[in-house]
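What you are looking at is a predicted structure, and each value in this text was computed from that prediction instead of being measured.
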Amino acid sequence: MKKTKDKRPKVKLEAFQPQLGPWIFSDAFIDLVDKIKVRYNISADKETSFDNIISDLFLQKIPLATLPQVIMATLFVDKKQAQAIALDIVGFLVLPVALFFAENPFVVFRAWGGKESDYKPPQSLLAIYKQIEEIEEEIEAEQYLRKILSEADDSQKTPAQAGRKQPIPSNTDKLLANYKVKTFDWNQIKQTARRFYKISDRGKLLQQLHQAINKRDGVKIIAALLILAKRGELDEIFVIDKKIKDIFAKHLRQKFSDKLADHFLGNLKDPVYISYFLQHLFKDILKLSENESAVIAVKLANELKKAGDKEYLSIAYGDLADGKFKWKTIARDGDKLILE
């Protein structure tokens with residue numbers, strides 16, 4: 001019996017972000033890769049080089065802006081054909097999972113003259129997104145659990161115990177179960193976030209956030225915040241959004257004092273005010289529980305961490321004592337707010 005040639009990428013799954021596995025190893029992805037090869041008559045002697053370009057791109061070893069130059073040098077094609085191949089690679093293969101790239105692929109894609117209408121996503125993409133979401137949620141929960149277990153373990157160790165393996169508290173299973181958003185469909189939030197990710201104009205994205213807040217649309221509010229966090233801008237919400245800053249300052253003047261509002265205006269990136277703002281959005285406007293609102297805060301803080309802003313990890317946490325997620329307490333200290 002003749003063996004069928006395995007056309008799957010010759011790169012180990014664990015080399016990529018695991019969330020990308022369902023896409024990279026899907027039939028749709030493989031068919032699209034073959035489509036590009038056929039469209040540009042990629043000869044057999046160049047297939048390996050082409051596959052390596054795809055692999056390196058998804059390993060994010062190749063900056064997107066340099067992709068045409070890499071294609072020219074590797075496949076020995078002219079500038080015009082390299083540009084066309086790059087457009088197809090990004091349009092067909094990268095845009096469907098754009099959120100997982102450090103760069104925003106839509107920026108270079110549009111700069112090259114690309115049109116999204118020319119790249120219809122495969123019908124199987126929704127099912128693939130669901131698989132990605134399940135993997136992502138599991139990875140996030142396990143990573144967070146390992147982190148807090150390690151912190152709890154280190155805080156209780158004596159020098160003699162340092163080398164011993166500590167028992168896992170029974171509430172870890174409860175904590176994992178609580179690391180889910182149940183009021184809203186998280187998959188719908190991520191799909192909305194993918195749409196918002198296409199908005200390169202920050203002002204337009206903030207406008208979407210304003211409209212969502214006015215309509216108390218939880219899916220769109222959280223989706224917009226996710227994109228701001230991924231871009232490393234959520235911690236700057238009061239700096240980049242004058243409307244939200246002014247409304248929040250007015251709220252602080254009415255609830256506390258002019259001096260406290262002035263402290264806020266002089267410390268727009270202080271985590272305590274970001275925490276206060278998010279708690280107001282999630283608990284007062286969206287009516288989410290303490291646990292669920294804190295879970296979303298942890299997810300946002302993790303995205304900020306990936307963008308390089310680690311100080312916001314402290315605004316919410318998982319409590320091993322009762323297996324629930326909580327916000328760090330906000331207290332008044334004279335003419336300012338602090339995180340206890």
Side-chain angles (χ1 to χ4, degrees), residues 19 99 129-130 132-149 151-152 169-196 208-209 211-230 234-235 237 244 248 251 271-306 309 312-331 337 339-340:
Q19 299 94 315
L99 272 171
Y129 280 163
K130 187 173 182 181
I132 290 173
E133 178 54 38
E134 290 171 354
I135 293 172
E136 189 173 25
E137 188 171 74
E138 184 177 337
I139 289 172
E140 282 186 355
E142 289 182 354
Q143 287 178 340
Y144 187 78
L145 185 58
R146 282 198 297 270
K147 173 182 176 291
I148 60 175
L149 281 174
E151 291 173 349
S170 59
N171 273 337
T172 55
D173 287 340
K174 188 176 178 183
L175 201 61
L176 280 173
N178 281 331
Y179 194 77
K180 293 184 183 295
V181 176
K182 298 176 182 177
T183 302
F184 303 108
D185 182 343
W186 192 253
N187 198 40
Q188 187 181 1
I189 289 172
K190 294 302 283 289
Q191 288 178 35
T192 304
R194 290 184 187 100
R195 293 204 307 272
F196 285 169
Q208 289 285 345
L209 176 60
Q211 292 173 358
I213 292 173
N214 289 337
K215 295 178 180 178
R216 286 172 163 69
D217 188 329
V219 169
K220 288 186 177 180
I221 288 173
I222 299 167
L225 294 175
L226 269 175
I227 297 306
L228 288 171
K230 180 172 179 62
L234 181 58
D235 60 317
I237 187 71
I244 287 180
F248 191 68
H251 169 79
V272 70
Y273 296 114
I274 302 295
S275 177
Y276 191 111
F277 171 68
L278 293 177
Q279 287 192 60
H280 174 62
L281 272 183
F282 298 154
K283 293 198 285 189
D284 298 336
I285 294 179
L286 298 182
K287 307 299 181 184
L288 297 178
S289 67
E290 171 79 7
N291 179 85
E292 197 165 36
S293 61
V295 166
I296 297 173
V298 168
K299 289 177 180 286
L300 293 174
N302 283 336
E303 289 297 331
L304 275 171
K305 179 186 176 184
K306 293 175 189 175
D309 298 321
Y312 295 89
L313 291 173
S314 64
I315 63 176
Y317 64 99
D319 189 343
L320 279 175
D322 59 10
K324 294 182 180 180
F325 285 82
K326 300 176 181 178
W327 291 86
K328 184 167 283 190
T329 302
I330 294 176
L337 297 180
L339 289 171
E340 289 190 332

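- For the residue pair L286 and R216, the shortest heavy atom distance occurs at CD2-O, 3.9 Å.
- When the ring pair (Phe, Tyr, Trp, His ring centres under 6.0 Å) test is applied to F282, no partner is found at least two apart in sequence or on another chain.
- A search for ring pair (Phe, Tyr, Trp, His ring centres under 6.0 Å) contacts involving H280 returns H251, not counting sequence neighbours.
- Shortest non-hydrogen contact noted between A223 and I189 is CB-O, 3.6 Å.
- Listed here is the closest heavy atom pair of L300 and A229: O-CB, 3.7 Å.
- D217 is linked by a salt bridge (charged side-chain N to carboxylate O under 4.0 Å, His left out) to nothing, counting only residues two or more places apart in sequence or in another chain.
- Counting only residues at least two apart or on different chains, the salt bridge (Lys or Arg N to Asp or Glu O under 4.0 Å) pairs with a member in residues 278-289 are K283-E290.
- The closest donor-acceptor contact from the side chain of Y129 to the backbone of K190 lies at 3.5 Å or more, if one exists at all.
- Going from atom NZ of K215 over to atom CD1 of I221 covers 11.5 Å, rounded to the nearest 0.5 Å.
- Here E133 contributes atom CD and E138 contributes atom CD; the two are 11.5 Å apart, rounded to the nearest 0.5 Å.
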(request) Check the pair E292, K182 against salt bridge (Lys or Arg N to Asp or Glu O under 4.0 Å), reporting the backbone distance first and the verdict last. (result) CA-CA 8 Å; E292 197 165 36; K182 298 176 182 177; over 6 Å; no
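- Here L288 contributes atom CG and I222 contributes atom CD1; the two are 6.0 Å apart, rounded to the nearest 0.5 Å.
- Here the shortest heavy-atom pairing between N291 and N178 reads ND2-O, 3.3 Å.
- With sequence neighbours excluded, the residues satisfying side chain to side chain donor-acceptor pair (under 3.5 Å) with E303 are K306.
- In this structure, the side chains of E136 and W186 stay at 4.5 Å or more apart for every pair of heavy atoms.
- Of the possible donor and acceptor atoms, none in the side chain of N302 sits under 3.5 Å from a partner among the backbone N and O of E140.
- Among residues two or more places apart in sequence or in another chain, the side chain to side chain donor-acceptor pair (under 3.5 Å) test is passed with D319 by K326.
- Here the side chains of L225 and L281 are in contact, with some heavy-atom distance below 4.5 Å.
- Note on K180 versus E137: salt bridge recorded, some NZ/NE/NH1/NH2 to OD/OE distance being below 4.0 Å.
- The structure places CG of L145 at 4.5 Å from CG of L176, a figure rounded to the nearest 0.5 Å.
- In this structure, CZ in R195 is found 11.0 Å from CD1 in I227, a value given to the nearest 0.5 Å.
- No side-chain donor-acceptor contact under 3.5 Å links K328 to the backbone of Y317.
- Atom CD1 in I244 sits 4.0 Å away from atom CD1 in I237 (nearest 0.5 Å).
- The shortest non-hydrogen separation linking I330 to S275 is CD1-OG, 3.8 Å.
- The aromatic rings of Y179 and F325 sit tilted relative to each other, their planes meeting at an angle between 30° and 60°.
- Residues L209 and F196 have side chains not in contact (no heavy-atom distance under 4.5 Å, counting atoms from C-beta outward).
- Of all heavy-atom pairs between L339 and S314, the closest is CD1-OG, 4.1 Å.
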